[in-house]
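Working notes for the structure below.
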There are 2 protein chains.
Amino acid sequence: MQNIRDQMPDACLLYDTAELFKMFGDSTRIQILSALMICEMSVGDLADLLGMTQSAVSHQLRLLKGGKLVEARRQGKQMIYSLADDHVKTIIGQGLEHVQE
Amino acid sequence: MQNIRDQMPDACLLYDTAELFKMFGDSTRIQILSALMICEMSVGDLADLLGMTQSAVSHQLRLLKGGKLVEARRQGKQMIYSLADDHVKTIIGQGLEHVQE
DNA sequence: TTTTCATTTGAATAATTGTTCATATGAGAT
DNA sequence: ATCTCATATGAACAATTATTCAAATGAAAA
């Protein structure tokens with residue numbers, strides 16, 4: 001029962017991990033990520049699919065991009081967003097699994 | 001490229017999953033959970049360990065308990081909290097792994 | 001170049017949320 | 001019953017955050 005802090009992950013690491021989970025902890029963002037798990041998509045397509053304004057979707061995509069969870073490429077006039085990482089699928093999968101019980 | 005919604009998890013399910021991740025998406029709560037991953041502990045011990053007030057810890061434990069992530073038992077005057085589920089370890093583990101790169 | 005379409009950005013607003021402080025509850029000890 | 005000790009609770013406050021609206025940027029078409 002001695003020093004528990006030594007056995008815990010570093011505080012900074014935990015902070016970053018919390019920041020990561022914060023990304024998944026919002027209805028809009030997790031819907032966006034779920035959609036992108038099926039296939040890459042433009043901002044407008046996402047907005048139509050989820051029934052939200054382009055602006056709202058764009059703001060959230062900005063955060064997700066900042067968190068390196070999605071990446072974007074330009075295709076003519078539109079921006080196509082896709083998952084940055086297979087880790088994203090794994091994490092959402094774990095969450096879904098835990099909830100479905 | 002047809003109906004993507006049909007391939008996505010149900011909206012309610014995604015909502016619940018977001019709620020789950022919200023629990024991990026806070027510095028204080030993830031620290032509490034990390035500590036409880038090492039060993040079960042009283043509210044006061046957690047407060048001392050993390051350098052926060054008992055009240056703040058108690059409030060967060062209430063949320064974690066509501067989310068079925070921790071459970072409590074009484075031991076004399078104190079309440080001993082522990083992880084409710086091994087799933088919690090798995091999920092935090094995934095998050096830590098993703099961050100450490 | 002001007003126009004149009006898709007996206008981004010910034011400011012404002014509304015809503016949620018974490019912490020603090022003071023008080024209440026609850027259990028064991030005196 | 002009273003007195004501690006440990007925890008829980010509620011209200012107030014501060015801070016963060018998601019959405020909306022309006023305007024700006026950027027790229028392709030006319």
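Below, read A as the first sequence line, B as the second, and so on, with proteins coming before strands; counting in each chain starts at 1. Excluded from the calculations below are hydrogen atoms, water molecules and symmetry mates; all remaining heavy atoms, backbone and side chain alike, are included. What you are looking at is a predicted structure, and each value in this text was computed from that prediction instead of being measured.
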Protein and nucleotides 8-15 of chain C: nitrogen or oxygen contacts under 3.5 angstrom:
| residue | atom | partner | partner atom | Å |
| --- | --- | --- | --- | --- |
| C:dT8 | OP1 | A:Tyr81 | OH | 2.4 |
| C:dT8 | OP2 | A:Ser58 | OG | 2.9 |
| C:dT9 | OP2 | A:Arg62 | NE | 3.4 |
| C:dT9 | O4 | A:Ser55 | OG | 2.8 |
| C:dG10 | O6 | A:His59 | NE2 | 2.9 |

Distances for protein N/O vs nucleotides 13-15 of chain D N/O pairs under 3.5 angstrom?
none

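Sequence neighbours left out, not one pair with a member in residues 36-57 of chain A passes ring-ring contact (aromatic ring centres under 6.0 Å, His included). Sorted by first and then second residue, the ring-ring contact (aromatic ring centres under 6.0 Å, His included) pairs with a member in residues 15-56 of chain A read A:Phe21-B:Phe21, A:Phe21-B:Phe24, A:Phe24-B:Phe21; sequence neighbours excluded. Every pair passing ring-ring contact (aromatic ring centres under 6.0 Å, His included) that includes a residue from residues 57-97 of chain B is listed here, sequence neighbours excluded: A:His98-B:His87.
Considering only heavy atoms from C-beta on, A:Leu46 comes within 4.5 Å of A:Leu61 through its side chain. Contact annotation: the side chain of A:Gln78 never approaches that of A:Met41 to less than 4.5 Å [non-hydrogen atoms, C-beta and beyond]. With a 4.5 Å cut-off on side-chain heavy atoms, B:Leu20 and B:Ile91 count as touching. In this structure, the side chains of A:Leu14 and A:Met8 come closer than 4.5 Å at one or more pairs of heavy atoms. With a 4.5 Å cut-off on side-chain heavy atoms, A:Lys65 and A:Arg62 do not count as touching.
Between the CG atom of B:Leu64 and the C1' atom of D:dA8 there is a distance of 15 Å, given to the nearest Å. Put simply, CZ on A:Phe21 is 17 Å from P on D:dT17, counting in whole angstrom units. Atom CD in B:Glu71 sits roughly 17 Å away from atom P in D:dT7 (whole-Å rounding). We find that CZ of A:Arg29 is positioned 12 Å from C1' of D:dT19, with the value rounded to whole Å. Counting to the nearest Å, the P atom of D:dT19 and the CG atom of A:Leu46 are 13 Å from each other. Rounding to whole angstrom units, CD1 of residue B:Ile30 and C1' of C:dG18 are separated by 16 Å. Atom-to-atom, CD of A:Gln78 to C1' of C:dT4 comes out at 14 Å; the value is rounded to the nearest Å. Between A:Asp26 atom CG and D:dT17 atom C1' the separation is 9 Å, expressed in whole Å.
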Quiz item: Could you run down nucleotides 23-30 of chain D 5' to 3' and tag each one B, S or - for protein heavy-atom contact under 4.0 Å?
Solution: ----SS--
Practice problem: Output, in order, the C-alpha distance, side-chain angles, deciding distance and verdict of side-chain contact (heavy atoms from CB on, under 4.5 Å) for B:Glu40 and B:Arg73. | Solution: CA-CA 10 Å; B:Glu40 57 178 21; B:Arg73 70 168 207 279; 2.8 Å; yes
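The side chain of A:Leu63 lies closest to D:dA18 when the candidates are D:dT19, D:dA18, C:dT19.
In summary, of the residues considered (A:Val70, A:Leu50, A:Val43), a side chain to side chain contact (heavy atoms under 4.5 Å, CB included) with A:Ile32 occurs for A:Leu50 alone.
Taking 4.0 angstrom as the limit, A:Thr53 places a side-chain polar atom (N or O) nearer than this to OP1 or OP2 of D:dT20.
When the side chains of ILVMFWY residues are joined at heavy-atom separations under 4.5 Å, either directly or via intervening members, B:Leu69 and B:Ile80 end up in two distinct hydrophobic clusters.
Both A:Met52 and B:Ser42 lie close to DNA chain D; mapped to their nearest nucleotides by heavy-atom distance, the more 5′-ward contact belongs to B:Ser42.
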